[in-house]
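Numbers restart at 1 for each chain; the letters A, B, ... are given by sequence-line order, proteins then strands.
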Amino acid sequence: MMNRQTLPHAWDDDRLLEQLDALNEDVPPMPASFHADWMKKVEDEAMKPQKKTPLRTMVTRALATAAAAIFVIGGAISAQENADLFDKHTSGGNGAAYSSRSATYEDSAAYGVNTASYEEDYAMTGDTVMMMKAAPQAAMGTEAAVEKKIIRTASRTIGTQSYQSSLESLRAQCEDLGGWVESFSESTSGTLRVAYLTLRIPSERLDAFLEGSQQLGRIIRRTESAQDVTNEYQDTATRLSTQLALMDRLQALVTDAADLSDLLALESQIADTQYTIDRLQSSLNATDRQVDYATVDVTLREESPATDIVDTEKTFWERLTAALSSGVEAFLIFLENMFVFAAAALPFIGVVAALWIIVRLLSGLVKKWKHRA
Amino acid sequence: MDELTLRRAQRGDTGAFEQLVTPHEQLVWRVCWHYTHHTQDAQDCAQEVMVKAWRSIGAYRQSCSLETWLYRICMSVCIDFLRRKKRTVAESADALSEGGFDLPDPTPQPEEVVIDRQSHDELRRAIDSLPEEMRTVVILYALEHQRYEDIARITGTPAGTVKSRLNRARKKLSELLEQSADPAVQHSEGRKS
(Lines give C-alpha, C1' and ligand atoms only; values in the text may rest on other atoms or scores of the structure.)
Protein backbone atom coordinates (compact mmCIF):
# COMPACT_ATOMS: atom_id res chain seq x y z
CA MET A 1 0.00 0.00 0.00
CA MET A 2 1.42 3.26 -1.02
CA ASN A 3 1.87 5.95 1.53
CA ARG A 4 0.91 9.25 0.01
CA GLN A 5 3.77 10.94 1.77
CA THR A 6 6.24 8.75 -0.03
CA LEU A 7 4.65 9.23 -3.42
CA PRO A 8 6.87 11.23 -5.69
CA HIS A 9 4.45 14.03 -6.38
CA ALA A 10 5.48 16.87 -4.07
CA TRP A 11 8.84 17.51 -5.60
CA ASP A 12 11.37 20.19 -5.59
CA ASP A 13 14.05 19.95 -8.23
CA ASP A 14 16.60 18.21 -6.09
CA ARG A 15 14.13 15.59 -4.95
CA LEU A 16 13.02 14.86 -8.50
CA LEU A 17 16.55 14.62 -9.69
CA GLU A 18 17.44 12.24 -6.91
CA GLN A 19 14.51 10.04 -7.81
CA LEU A 20 15.40 10.12 -11.48
CA ASP A 21 19.00 9.34 -10.74
CA ALA A 22 17.90 6.35 -8.73
CA LEU A 23 16.49 4.86 -11.95
CA ASN A 24 20.06 4.05 -12.88
CA GLU A 25 19.98 1.37 -10.22
CA ASP A 26 17.43 -0.47 -12.29
CA VAL A 27 19.65 -0.70 -15.33
CA PRO A 28 20.50 -4.34 -15.69
CA PRO A 29 24.11 -5.30 -16.28
CA MET A 30 25.25 -5.38 -19.85
CA PRO A 31 24.79 -8.89 -21.24
CA ALA A 32 28.00 -10.86 -21.37
CA SER A 33 27.61 -11.48 -25.08
CA PHE A 34 26.85 -7.86 -25.91
CA HIS A 35 30.41 -6.92 -26.84
CA ALA A 36 30.98 -9.99 -28.95
CA ASP A 37 27.62 -9.58 -30.66
CA TRP A 38 28.13 -6.00 -31.77
CA MET A 39 31.74 -6.67 -32.82
CA LYS A 40 30.54 -9.49 -35.03
CA LYS A 41 27.95 -7.22 -36.64
CA VAL A 42 30.60 -4.57 -37.24
CA GLU A 43 32.93 -7.11 -38.81
CA ASP A 44 30.11 -8.44 -40.99
CA GLU A 45 29.39 -4.89 -42.04
CA ALA A 46 33.06 -4.32 -42.81
CA MET A 47 33.11 -7.40 -45.05
CA LYS A 48 30.21 -6.15 -47.11
CA PRO A 49 31.08 -4.60 -50.48
CA GLN A 50 31.29 -0.82 -50.46
CA LYS A 51 28.06 1.01 -50.91
CA LYS A 52 27.60 3.01 -54.02
CA THR A 53 28.77 6.51 -53.64
CA PRO A 54 25.84 8.85 -53.66
CA LEU A 55 25.24 10.50 -56.99
CA ARG A 56 25.80 13.95 -55.61
CA THR A 57 29.22 12.99 -54.26
CA MET A 58 30.15 11.38 -57.57
CA VAL A 59 29.13 14.46 -59.51
CA THR A 60 31.04 16.72 -57.14
CA ARG A 61 34.16 14.56 -57.43
CA ALA A 62 33.87 14.44 -61.22
CA LEU A 63 33.52 18.20 -61.46
CA ALA A 64 36.47 18.76 -59.16
CA THR A 65 38.61 16.30 -61.15
CA ALA A 66 37.61 17.93 -64.43
CA ALA A 67 38.39 21.39 -63.10
CA ALA A 68 41.80 20.23 -61.88
CA ALA A 69 42.53 18.56 -65.23
CA ILE A 70 41.57 21.68 -67.18
CA PHE A 71 43.72 23.77 -64.87
CA VAL A 72 46.77 21.56 -65.30
CA ILE A 73 46.40 20.89 -69.03
CA GLY A 74 45.68 24.53 -69.79
CA GLY A 75 48.72 25.52 -67.79
CA ALA A 76 50.89 22.98 -69.58
CA ILE A 77 49.75 24.24 -72.97
CA SER A 78 50.37 27.79 -71.88
CA ALA A 79 53.87 26.85 -70.71
CA GLN A 80 54.56 25.17 -74.04
CA GLU A 81 53.44 28.27 -75.95
CA ASN A 82 55.75 30.42 -73.88
CA ALA A 83 58.61 28.05 -74.59
CA ASP A 84 57.82 28.20 -78.31
CA LEU A 85 58.25 31.98 -78.30
CA PHE A 86 61.95 31.38 -77.81
CA ASP A 87 62.19 28.69 -80.43
CA LYS A 88 62.14 30.17 -83.89
CA HIS A 89 62.81 26.87 -85.56
CA THR A 90 60.97 23.59 -85.46
CA SER A 91 62.40 20.32 -86.69
CA GLY A 92 60.59 19.10 -89.73
CA GLY A 93 60.79 16.84 -92.68
CA ASN A 94 61.87 19.47 -95.09
CA GLY A 95 65.56 19.19 -94.45
CA ALA A 96 65.87 21.73 -91.68
CA ALA A 97 68.28 19.54 -89.73
CA TYR A 98 68.51 21.82 -86.71
CA SER A 99 67.52 20.88 -83.21
CA SER A 100 64.27 22.48 -82.12
CA ARG A 101 66.06 23.80 -79.07
CA SER A 102 68.50 25.98 -81.00
CA ALA A 103 67.11 29.43 -81.07
CA THR A 104 68.84 31.18 -83.89
CA TYR A 105 68.48 29.03 -86.99
CA GLU A 106 66.03 29.98 -89.66
CA ASP A 107 63.60 27.57 -91.21
CA SER A 108 65.05 26.30 -94.44
CA ALA A 109 61.78 26.65 -96.31
CA ALA A 110 61.53 30.25 -95.25
CA TYR A 111 65.19 30.63 -95.94
CA GLY A 112 64.67 29.43 -99.49
CA VAL A 113 62.31 32.32 -100.00
CA ASN A 114 64.73 34.67 -98.29
CA THR A 115 67.54 33.37 -100.41
CA ALA A 116 65.65 34.09 -103.59
CA SER A 117 64.75 37.60 -102.52
CA TYR A 118 68.23 38.17 -101.19
CA GLU A 119 69.78 37.27 -104.48
CA GLU A 120 67.81 40.04 -106.06
CA ASP A 121 68.86 42.38 -103.30
CA TYR A 122 72.42 41.16 -103.55
CA ALA A 123 72.42 41.83 -107.24
CA MET A 124 71.25 45.33 -106.50
CA THR A 125 73.74 45.75 -103.73
CA GLY A 126 76.47 44.33 -105.92
CA ASP A 127 75.59 46.80 -108.64
CA THR A 128 75.55 49.58 -106.15
CA VAL A 129 78.95 48.52 -104.90
CA MET A 130 80.25 48.28 -108.44
CA MET A 131 78.87 51.69 -109.17
CA MET A 132 80.54 53.03 -106.10
CA LYS A 133 83.82 51.46 -107.07
CA ALA A 134 83.46 52.94 -110.53
CA ALA A 135 82.56 56.34 -109.17
CA PRO A 136 86.11 57.54 -108.62
CA GLN A 137 86.93 56.72 -112.24
CA ALA A 138 83.85 58.54 -113.49
CA ALA A 139 84.50 61.48 -111.31
CA MET A 140 88.01 61.84 -112.67
CA GLY A 141 86.64 63.18 -115.86
CA THR A 142 84.58 65.95 -114.28
CA GLU A 143 86.53 67.19 -111.31
CA ALA A 144 89.88 66.91 -109.72
CA ALA A 145 90.70 63.34 -108.83
CA VAL A 146 89.19 62.66 -105.47
CA GLU A 147 89.97 59.24 -104.12
CA LYS A 148 86.79 57.63 -103.02
CA LYS A 149 86.73 56.40 -99.49
CA ILE A 150 84.30 53.50 -99.16
CA ILE A 151 84.09 51.44 -95.99
CA ARG A 152 82.79 48.00 -96.84
CA THR A 153 81.35 45.61 -94.32
CA ALA A 154 79.75 42.23 -94.76
CA SER A 155 78.36 39.42 -92.65
CA ARG A 156 77.79 35.77 -93.33
CA THR A 157 76.01 33.06 -91.37
CA ILE A 158 77.09 29.67 -92.69
CA GLY A 159 75.82 26.25 -91.74
CA THR A 160 78.15 23.33 -92.21
CA GLN A 161 78.25 19.68 -91.35
CA SER A 162 82.06 19.74 -91.49
CA TYR A 163 82.55 22.31 -88.85
CA GLN A 164 86.25 21.91 -88.20
CA SER A 165 87.35 21.79 -91.83
CA SER A 166 85.11 24.74 -92.71
CA LEU A 167 86.63 26.73 -89.90
CA GLU A 168 90.14 25.96 -91.04
CA SER A 169 89.24 26.79 -94.65
CA LEU A 170 87.82 30.08 -93.57
CA ARG A 171 90.97 31.07 -91.74
CA ALA A 172 93.11 29.93 -94.66
CA GLN A 173 91.08 31.89 -97.18
CA CYS A 174 91.32 34.98 -95.05
CA GLU A 175 95.07 34.75 -94.71
CA ASP A 176 95.61 33.83 -98.34
CA LEU A 177 93.86 37.02 -99.39
CA GLY A 178 96.03 39.12 -97.13
CA GLY A 179 93.61 39.48 -94.31
CA TRP A 180 93.60 38.47 -90.67
CA VAL A 181 91.26 37.29 -87.97
CA GLU A 182 90.49 40.27 -85.77
CA SER A 183 88.44 38.29 -83.23
CA PHE A 184 87.25 34.72 -82.67
CA SER A 185 84.92 33.06 -80.19
CA GLU A 186 83.24 29.68 -80.06
CA SER A 187 80.29 28.29 -78.16
CA THR A 188 78.27 25.11 -78.04
CA SER A 189 74.51 24.93 -78.48
CA GLY A 190 73.53 21.49 -77.27
CA THR A 191 76.04 19.29 -79.07
CA LEU A 192 76.55 21.67 -81.98
CA ARG A 193 79.31 24.22 -82.12
CA VAL A 194 79.06 27.81 -83.22
CA ALA A 195 82.02 30.04 -84.13
CA TYR A 196 81.93 33.82 -84.31
CA LEU A 197 84.74 35.47 -86.31
CA THR A 198 85.50 39.03 -87.27
CA LEU A 199 87.80 39.07 -90.29
CA ARG A 200 89.63 41.95 -91.93
CA ILE A 201 89.93 41.38 -95.66
CA PRO A 202 91.58 43.76 -98.14
CA SER A 203 88.69 45.64 -99.68
CA GLU A 204 89.68 44.88 -103.22
CA ARG A 205 89.65 41.17 -102.41
CA LEU A 206 86.41 41.16 -100.48
CA ASP A 207 84.35 39.90 -103.36
CA ALA A 208 86.70 37.04 -103.90
CA PHE A 209 86.50 36.12 -100.25
CA LEU A 210 82.73 36.28 -100.19
CA GLU A 211 82.50 34.10 -103.25
CA GLY A 212 84.87 31.62 -101.73
CA SER A 213 82.90 31.51 -98.47
CA GLN A 214 79.93 30.07 -100.32
CA GLN A 215 81.88 26.88 -100.72
CA LEU A 216 82.23 26.42 -96.97
CA GLY A 217 78.65 25.41 -96.34
CA ARG A 218 75.08 26.47 -96.58
CA ILE A 219 74.64 30.23 -96.55
CA ILE A 220 71.93 30.96 -94.04
CA ARG A 221 72.15 34.71 -93.96
CA ARG A 222 74.29 37.34 -95.67
CA THR A 223 74.44 41.09 -95.63
CA GLU A 224 76.73 43.67 -97.18
CA SER A 225 76.99 47.40 -96.87
CA ALA A 226 79.19 50.16 -98.24
CA GLN A 227 79.54 53.46 -96.50
CA ASP A 228 80.90 56.40 -98.45
CA VAL A 229 82.99 58.53 -96.09
CA THR A 230 84.77 60.52 -98.80
CA ASN A 231 83.38 63.88 -97.78
CA GLU A 232 84.18 63.40 -94.12
CA TYR A 233 87.63 62.18 -95.06
CA GLN A 234 88.21 65.20 -97.30
CA ASP A 235 87.07 67.56 -94.59
CA THR A 236 89.42 66.00 -92.12
CA ALA A 237 92.24 66.06 -94.64
CA THR A 238 91.60 69.73 -95.35
CA ARG A 239 91.66 70.58 -91.67
CA LEU A 240 94.87 68.65 -91.33
CA SER A 241 96.42 70.60 -94.18
CA THR A 242 95.40 73.81 -92.53
CA GLN A 243 96.90 72.76 -89.25
CA LEU A 244 100.12 71.70 -90.95
CA ALA A 245 100.36 75.07 -92.69
CA LEU A 246 99.75 76.77 -89.38
CA MET A 247 102.49 74.72 -87.81
CA ASP A 248 104.95 75.85 -90.48
CA ARG A 249 104.13 79.51 -89.88
CA LEU A 250 104.38 79.14 -86.14
CA GLN A 251 107.75 77.52 -86.38
CA ALA A 252 108.91 80.33 -88.68
CA LEU A 253 107.69 82.86 -86.15
CA VAL A 254 109.54 81.11 -83.36
CA THR A 255 112.88 81.61 -85.12
CA ASP A 256 112.08 85.30 -85.46
CA ALA A 257 110.74 85.76 -81.94
CA ALA A 258 112.66 88.35 -79.99
CA ASP A 259 110.58 88.54 -76.90
CA LEU A 260 110.49 85.73 -74.37
CA SER A 261 106.77 86.17 -73.78
CA ASP A 262 106.13 85.94 -77.49
CA LEU A 263 108.29 82.85 -77.61
CA LEU A 264 106.32 81.21 -74.84
CA ALA A 265 103.01 82.09 -76.49
CA LEU A 266 104.24 80.66 -79.76
CA GLU A 267 105.44 77.47 -78.08
CA SER A 268 102.04 77.03 -76.46
CA GLN A 269 100.34 77.59 -79.77
CA ILE A 270 102.65 75.09 -81.41
CA ALA A 271 101.79 72.47 -78.78
CA ASP A 272 98.06 72.91 -79.31
CA THR A 273 98.46 72.76 -83.05
CA GLN A 274 100.54 69.63 -82.81
CA TYR A 275 97.85 67.99 -80.68
CA THR A 276 95.21 68.87 -83.27
CA ILE A 277 97.41 67.59 -86.08
CA ASP A 278 97.93 64.30 -84.27
CA ARG A 279 94.25 63.88 -83.67
CA LEU A 280 93.29 64.61 -87.26
CA GLN A 281 95.97 62.35 -88.58
CA SER A 282 94.84 59.56 -86.32
CA SER A 283 91.30 59.92 -87.60
CA LEU A 284 92.43 59.78 -91.18
CA ASN A 285 94.56 56.73 -90.46
CA ALA A 286 91.63 54.94 -88.84
CA THR A 287 89.44 55.71 -91.81
CA ASP A 288 92.14 54.50 -94.16
CA ARG A 289 92.35 51.23 -92.28
CA GLN A 290 88.63 50.74 -92.48
CA VAL A 291 88.63 51.57 -96.17
CA ASP A 292 91.60 49.42 -96.99
CA TYR A 293 90.38 46.40 -95.02
CA ALA A 294 86.73 45.45 -95.11
CA THR A 295 85.21 44.02 -91.96
CA VAL A 296 83.50 40.67 -92.35
CA ASP A 297 81.54 39.08 -89.50
CA VAL A 298 81.21 35.35 -90.00
CA THR A 299 79.07 33.00 -87.93
CA LEU A 300 79.85 29.38 -88.60
CA ARG A 301 77.26 26.93 -87.28
CA GLU A 302 77.73 23.24 -87.07
CA GLU A 303 74.80 21.29 -88.48
CA SER A 304 73.65 17.77 -87.84
CA PRO A 305 73.14 15.64 -90.94
CA ALA A 306 70.18 16.96 -92.88
CA THR A 307 67.10 14.86 -93.62
CA ASP A 308 65.86 14.49 -97.12
CA ILE A 309 64.09 17.59 -98.28
CA VAL A 310 61.76 15.80 -100.53
CA ASP A 311 59.07 13.73 -98.84
CA THR A 312 59.50 10.15 -99.83
CA GLU A 313 56.79 7.62 -99.78
CA LYS A 314 56.78 5.92 -96.38
CA THR A 315 55.46 2.50 -95.63
CA PHE A 316 52.63 2.01 -93.18
CA TRP A 317 55.03 0.63 -90.58
CA GLU A 318 57.37 3.60 -90.99
CA ARG A 319 54.48 6.00 -90.59
CA LEU A 320 53.24 4.08 -87.56
CA THR A 321 56.59 4.08 -85.81
CA ALA A 322 57.18 7.72 -86.71
CA ALA A 323 53.78 8.67 -85.33
CA LEU A 324 54.36 6.65 -82.17
CA SER A 325 57.77 8.17 -81.67
CA SER A 326 56.50 11.71 -82.11
CA GLY A 327 53.55 10.94 -79.85
CA VAL A 328 55.82 9.73 -77.07
CA GLU A 329 58.06 12.74 -77.51
CA ALA A 330 55.08 15.09 -77.42
CA PHE A 331 53.75 13.36 -74.29
CA LEU A 332 57.11 13.69 -72.55
CA ILE A 333 57.27 17.37 -73.47
CA PHE A 334 53.72 17.76 -72.17
CA LEU A 335 54.66 16.12 -68.87
CA GLU A 336 57.70 18.35 -68.61
CA ASN A 337 55.61 21.46 -69.24
CA MET A 338 53.01 20.26 -66.77
CA PHE A 339 55.58 19.96 -64.01
CA VAL A 340 56.98 23.36 -64.89
CA PHE A 341 53.51 24.83 -64.68
CA ALA A 342 52.79 23.02 -61.41
CA ALA A 343 55.95 24.49 -59.94
CA ALA A 344 54.91 27.95 -61.09
CA ALA A 345 51.37 27.43 -59.73
CA LEU A 346 52.58 26.17 -56.35
CA PRO A 347 52.57 29.59 -54.65
CA PHE A 348 49.00 30.21 -55.81
CA ILE A 349 47.89 26.75 -54.66
CA GLY A 350 49.54 27.46 -51.32
CA VAL A 351 47.62 30.70 -50.94
CA VAL A 352 44.32 29.01 -51.84
CA ALA A 353 45.03 26.21 -49.37
CA ALA A 354 45.84 28.71 -46.63
CA LEU A 355 42.61 30.61 -47.31
CA TRP A 356 40.63 27.37 -47.20
CA ILE A 357 42.13 26.46 -43.83
CA ILE A 358 41.34 29.92 -42.48
CA VAL A 359 37.75 29.69 -43.69
CA ARG A 360 37.32 26.23 -42.09
CA LEU A 361 38.75 27.46 -38.78
CA LEU A 362 36.56 30.55 -38.79
CA SER A 363 33.42 28.57 -39.58
CA GLY A 364 34.26 26.19 -36.72
CA LEU A 365 34.69 29.13 -34.35
CA VAL A 366 31.40 30.64 -35.51
CA LYS A 367 29.62 27.34 -34.85
CA LYS A 368 31.09 27.13 -31.36
CA TRP A 369 30.12 30.73 -30.67
CA LYS A 370 26.58 30.06 -31.84
CA HIS A 371 26.31 27.02 -29.59
CA ARG A 372 27.51 28.97 -26.58
CA ALA A 373 25.19 31.83 -27.42
CA MET B 1 41.30 9.78 -28.05
CA ASP B 2 44.25 8.51 -30.00
CA GLU B 3 44.42 10.22 -33.38
CA LEU B 4 46.20 7.30 -34.94
CA THR B 5 43.58 4.83 -33.76
CA LEU B 6 40.85 7.06 -35.12
CA ARG B 7 42.58 7.29 -38.50
CA ARG B 8 42.96 3.53 -38.62
CA ALA B 9 39.31 3.04 -37.73
CA GLN B 10 38.30 5.49 -40.44
CA ARG B 11 40.33 3.52 -42.92
CA GLY B 12 38.38 0.37 -42.09
CA ASP B 13 40.31 -1.20 -39.23
CA THR B 14 37.67 -2.93 -37.05
CA GLY B 15 40.23 -3.53 -34.33
CA ALA B 16 40.91 0.19 -34.09
CA PHE B 17 37.17 0.86 -34.01
CA GLU B 18 36.74 -1.62 -31.18
CA GLN B 19 39.52 0.13 -29.29
CA LEU B 20 37.79 3.48 -29.71
CA VAL B 21 34.25 2.48 -28.88
CA THR B 22 34.58 -0.22 -26.21
CA PRO B 23 35.15 2.32 -23.37
CA HIS B 24 31.75 3.80 -24.27
CA GLU B 25 29.69 0.64 -24.70
CA GLN B 26 28.34 0.90 -21.15
CA LEU B 27 27.03 4.35 -22.03
CA VAL B 28 25.34 3.03 -25.13
CA TRP B 29 23.79 0.15 -23.23
CA ARG B 30 22.45 2.42 -20.49
CA VAL B 31 20.90 4.95 -22.86
CA CYS B 32 19.28 2.23 -24.95
CA TRP B 33 17.86 0.65 -21.83
CA HIS B 34 16.53 3.97 -20.53
CA TYR B 35 14.61 4.30 -23.78
CA THR B 36 13.39 0.78 -24.19
CA HIS B 37 13.24 -0.66 -20.62
CA HIS B 38 13.55 -4.04 -22.27
CA THR B 39 16.74 -6.07 -22.29
CA GLN B 40 16.35 -7.57 -25.74
CA ASP B 41 15.18 -4.31 -27.28
CA ALA B 42 18.02 -2.48 -25.57
CA GLN B 43 20.47 -5.03 -26.93
CA ASP B 44 19.08 -4.69 -30.44
CA CYS B 45 19.21 -0.92 -30.24
CA ALA B 46 22.72 -0.91 -28.82
CA GLN B 47 24.00 -3.20 -31.55
CA GLU B 48 22.36 -1.00 -34.15
CA VAL B 49 24.07 2.00 -32.56
CA MET B 50 27.46 0.32 -32.87
CA VAL B 51 26.90 -0.66 -36.48
CA LYS B 52 25.72 2.84 -37.34
CA ALA B 53 28.77 4.27 -35.58
CA TRP B 54 31.00 1.99 -37.68
CA ARG B 55 29.33 3.11 -40.87
CA SER B 56 29.72 6.79 -40.06
CA ILE B 57 33.14 6.78 -38.34
CA GLY B 58 34.61 8.02 -41.61
CA ALA B 59 32.54 11.19 -41.36
CA TYR B 60 33.53 11.90 -37.76
CA ARG B 61 35.56 15.08 -37.85
CA GLN B 62 36.17 15.55 -34.13
CA SER B 63 33.98 18.64 -34.01
CA CYS B 64 32.69 17.13 -30.74
CA SER B 65 33.89 14.42 -28.37
CA LEU B 66 33.41 10.77 -29.29
CA GLU B 67 31.05 10.42 -26.34
CA THR B 68 28.84 13.24 -27.62
CA TRP B 69 28.92 11.72 -31.08
CA LEU B 70 27.83 8.35 -29.73
CA TYR B 71 25.07 9.93 -27.67
CA ARG B 72 23.75 11.50 -30.84
CA ILE B 73 23.67 8.18 -32.61
CA CYS B 74 22.01 6.54 -29.59
CA MET B 75 19.23 9.14 -29.49
CA SER B 76 18.61 8.79 -33.18
CA VAL B 77 18.54 4.99 -33.16
CA CYS B 78 16.40 4.68 -30.02
CA ILE B 79 13.81 7.19 -31.18
CA ASP B 80 13.57 5.47 -34.53
CA PHE B 81 13.28 2.13 -32.78
CA LEU B 82 10.47 3.29 -30.55
CA ARG B 83 8.62 4.81 -33.46
CA ARG B 84 8.86 1.52 -35.25
CA LYS B 85 7.80 -0.48 -32.25
CA LYS B 86 5.15 2.03 -31.11
CA ARG B 87 5.61 0.80 -27.63
CA THR B 88 3.08 2.24 -25.15
CA VAL B 89 3.95 3.88 -21.87
CA ALA B 90 2.08 1.43 -19.73
CA GLU B 91 3.69 -1.97 -19.73
CA SER B 92 2.37 -4.98 -18.07
CA ALA B 93 4.30 -6.64 -15.35
CA ASP B 94 4.53 -9.74 -17.61
CA ALA B 95 6.21 -7.64 -20.30
CA LEU B 96 8.62 -6.30 -17.74
CA SER B 97 9.28 -9.77 -16.56
CA GLU B 98 9.99 -11.02 -20.08
CA GLY B 99 12.39 -8.13 -20.50
CA GLY B 100 14.50 -9.47 -17.73
CA PHE B 101 13.20 -7.54 -14.81
CA ASP B 102 13.10 -9.43 -11.62
CA LEU B 103 9.59 -9.63 -10.39
CA PRO B 104 9.11 -8.54 -6.85
CA ASP B 105 10.06 -11.25 -4.38
CA PRO B 106 6.85 -12.89 -3.12
CA THR B 107 8.32 -13.06 0.36
CA PRO B 108 7.56 -10.03 2.46
CA GLN B 109 9.91 -7.19 1.55
CA PRO B 110 10.80 -4.14 3.51
CA GLU B 111 8.18 -1.52 2.63
CA GLU B 112 10.83 0.91 1.52
CA VAL B 113 12.08 -1.44 -1.19
CA VAL B 114 8.60 -2.11 -2.53
CA ILE B 115 7.76 1.56 -2.59
CA ASP B 116 11.01 2.34 -4.36
CA ARG B 117 10.39 -0.27 -7.03
CA GLN B 118 6.89 0.94 -7.69
CA SER B 119 7.90 4.60 -7.67
CA HIS B 120 10.60 3.77 -10.14
CA ASP B 121 8.06 2.18 -12.42
CA GLU B 122 5.86 5.22 -12.10
CA LEU B 123 8.74 7.49 -12.91
CA ARG B 124 9.75 5.42 -15.90
CA ARG B 125 6.23 5.42 -17.24
CA ALA B 126 6.03 9.16 -16.70
CA ILE B 127 9.26 9.66 -18.61
CA ASP B 128 8.07 7.45 -21.43
CA SER B 129 4.91 9.43 -21.78
CA LEU B 130 6.81 12.68 -22.29
CA PRO B 131 7.15 14.02 -25.82
CA GLU B 132 10.30 12.83 -27.58
CA GLU B 133 12.33 16.00 -27.21
CA MET B 134 11.52 16.29 -23.49
CA ARG B 135 12.27 12.66 -22.84
CA THR B 136 15.66 13.03 -24.50
CA VAL B 137 16.73 15.98 -22.39
CA VAL B 138 15.47 14.31 -19.18
CA ILE B 139 17.42 11.13 -19.92
CA LEU B 140 20.57 13.06 -20.80
CA TYR B 141 20.33 15.48 -17.88
CA ALA B 142 18.88 13.47 -15.03
CA LEU B 143 20.08 9.96 -15.87
CA GLU B 144 23.28 10.58 -17.83
CA HIS B 145 24.29 13.71 -15.88
CA GLN B 146 25.20 15.69 -18.99
CA ARG B 147 25.61 19.48 -18.86
CA TYR B 148 23.33 21.86 -20.73
CA GLU B 149 26.07 22.63 -23.26
CA ASP B 150 26.74 18.96 -23.95
CA ILE B 151 23.02 18.24 -24.31
CA ALA B 152 22.83 21.17 -26.74
CA ARG B 153 25.62 19.64 -28.81
CA ILE B 154 24.06 16.19 -28.74
CA THR B 155 20.59 17.36 -29.72
CA GLY B 156 21.76 20.11 -32.04
CA THR B 157 19.68 22.73 -30.27
CA PRO B 158 20.70 25.86 -28.41
CA ALA B 159 21.40 25.57 -24.69
CA GLY B 160 18.48 27.89 -23.99
CA THR B 161 16.13 25.50 -25.70
CA VAL B 162 17.53 22.64 -23.64
CA LYS B 163 16.81 24.51 -20.38
CA SER B 164 13.35 25.39 -21.54
CA ARG B 165 12.57 21.78 -22.40
CA LEU B 166 13.93 20.58 -19.08
CA ASN B 167 11.72 23.03 -17.19
CA ARG B 168 8.68 21.93 -19.10
CA ALA B 169 9.67 18.30 -18.64
CA ARG B 170 9.91 18.77 -14.88
CA LYS B 171 6.46 20.32 -14.76
CA LYS B 172 5.06 17.60 -16.96
CA LEU B 173 6.63 14.88 -14.87
CA SER B 174 5.24 16.37 -11.69
CA GLU B 175 1.76 16.50 -13.20
CA LEU B 176 1.99 12.95 -14.47
CA LEU B 177 3.25 11.64 -11.18
CA GLU B 178 0.50 13.44 -9.27
CA GLN B 179 -2.10 12.02 -11.60
CA SER B 180 -0.75 8.53 -11.21
CA ALA B 181 -0.50 8.91 -7.45
CA ASP B 182 -4.02 10.31 -6.89
CA PRO B 183 -5.96 7.25 -8.10
CA ALA B 184 -3.86 5.05 -5.80
CA VAL B 185 -4.54 7.32 -2.87
CA GLN B 186 -8.25 7.44 -3.65
CA HIS B 187 -8.34 3.69 -3.89
CA SER B 188 -6.51 3.19 -0.62
CA GLU B 189 -8.76 5.72 1.12
CA GLY B 190 -11.79 3.97 -0.30
CA ARG B 191 -10.61 0.64 1.05
CA LYS B 192 -9.93 2.10 4.45
CA SER B 193 -13.33 3.47 4.60
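To the nearest 0.5 Å, atom CD of residue B:E25 and atom NE2 of residue A:H35 are 5.5 Å apart. Here the CG atom belonging to A:L20 is positioned 9.5 Å from the CZ atom belonging to B:R170, to the nearest 0.5 angstrom.
In this structure, the side chains of B:M50 and A:K41 stay at 4.5 Å or more apart for every pair of heavy atoms. Contact annotation: the side chain of B:W29 approaches that of A:P31 to within less than 4.5 Å [non-hydrogen atoms, C-beta and beyond]. In this structure, A:D44 and B:V51 have side chains that are not in contact, with every pair of non-hydrogen atoms separated by 4.5 Å or more. You'll find the side chain of B:L143 reaches within 4.5 Å of the side chain of A:L23, heavy atoms only.
For the 3.5 Å distance criterion, the side chains of B:H37 and A:D26 fail to qualify, holding no donor opposite an acceptor.
For B:I139, no part lies near chain A; criterion is any non-hydrogen pair under 4.5 Å. Proximity to chain A is limited to the side chain of B:Y141, based on heavy atoms less than 4.5 angstrom apart.
Considering every non-hydrogen atom in both A:W38 and B:E18, the closest pair reads CH2-CA, 4.2 Å. Listed here is the closest heavy atom pair of B:R30 and A:N24: CD-OD1, 4.1 Å. Between B:T39 and A:P28 the shortest heavy-atom distance is OG1-CG, 4.3 Å.
Taking the side chain to side chain contact (heavy atoms under 4.5 Å, CB included) definition, one finds that A:E43 meets it with A:M39, B:T14, sequence neighbours left out. Residues satisfying the salt bridge (charged side-chain N to carboxylate O under 4.0 Å, His left out) test with B:D80, not counting sequence neighbours, are B:R83.
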